[in-house]
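By convention in this document, chain letters (A, B, ...) are assigned in the order of the sequence lines, proteins followed by strands, and residues within each chain are numbered from 1.
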Amino acid sequence: MLDSSETRHQAILSTIAQIPKGYVSTYGEVASLAGYPGNARLVGRILKKLPSETKIPWHRVVNASGRSSFPDGSDKQREQFQKLQEEKIVILNGRIRLSNYKQHGNEC
DNA sequence: GTAATGACCAGGC
DNA sequence: AGCCTGGCCATTA
């Protein structure tokens, strides 16, 4: 099956859209679930192109370091953090709590 | 056509 | 704990 750019685009968006509320995922994780392991960059590339009206919860996607992909202090980053906090996601010292739905992760 | 860039990742130091 | 390097791949100049 030939996967054109649009196909990958849809696959990635679909995967991100499936992230449950209150949970976050990483670029590599999304890429893997979308069927393109190793193509973490594709996820970032696509999210960058997304319009501000997108229904995709791009704010639930962070890098593998549990850090926001945006420059520190950037409006975009603050926007993401704010949305994350709206989802009851906790941010400590600029790091996002990786509450992957794969883990039952719960330590305090 | 080639070269550089980028909302990344894993490994090494 | 953090910083640097190489790799991957599509888009842009």
| How does each nucleotide of nucleotides 4-13 of chain B score, in 5' to 3' order, for protein heavy atoms under 4.0 Å: base (B), sugar-phosphate only (S), or none (-)? | --BBBSS---
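A:L47 CG to A:I56 CD1: the interatomic distance, rounded to the nearest 0.5 Å, is 8.5 Å.
When the side-chain contact (heavy atoms from CB on, under 4.5 Å) test is applied to A:D75, the partners found at least two apart in sequence or on another chain are A:R78. Among residues two or more places apart in sequence or in another chain, the side-chain hydrogen bond (donor to acceptor under 3.5 Å, both in side chains) test is passed with A:R8 by A:D3. With sequence neighbours left out, the side-chain hydrogen bond (donor to acceptor under 3.5 Å, both in side chains) criterion links A:S74 to no other residue. Residues satisfying the side-chain hydrogen bond (donor to acceptor under 3.5 Å, both in side chains) criterion with A:T7, sequence neighbours excluded, are A:S4. Evaluation of the side-chain contact (heavy atoms from CB on, under 4.5 Å) rule for A:K21 yields A:R60, A:E87 as partners, not counting sequence neighbours. Considering only residues two or more places apart in sequence or on other chains, A:R45 meets the side-chain contact (heavy atoms from CB on, under 4.5 Å) condition with A:K48, A:K49. Partners of A:N63 according to the side-chain contact (heavy atoms from CB on, under 4.5 Å) rule, which considers only residues two or more places apart in sequence or in another chain, are A:Y27, A:S65, A:R67, A:S69.
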Show each protein N/O and nucleotides 1-6 of chain C N/O combination with a separation under 3.5 Å, one pair to a line.
| unit_1 | atom_1 | unit_2 | atom_2 | d |
| --- | --- | --- | --- | --- |
| C:dG2 | OP1 | A:R95 | NH2 | 3.3 |

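Residue pairs meeting the salt bridge (charged side-chain N to carboxylate O under 4.0 Å, His left out) criterion with at least one partner in residues 50-59 of chain A, sequence neighbours excluded, do not occur; the list is empty.
In the hydrophobic clustering, A:L42 connects to no other residue, as no ILVMFWY side-chain heavy atoms lie under 4.5 Å from its own.
DNA chain C is contacted by A:S5, A:R8 of residues 5-14 of chain A, taking any non-hydrogen atom closer than 4.0 Å.
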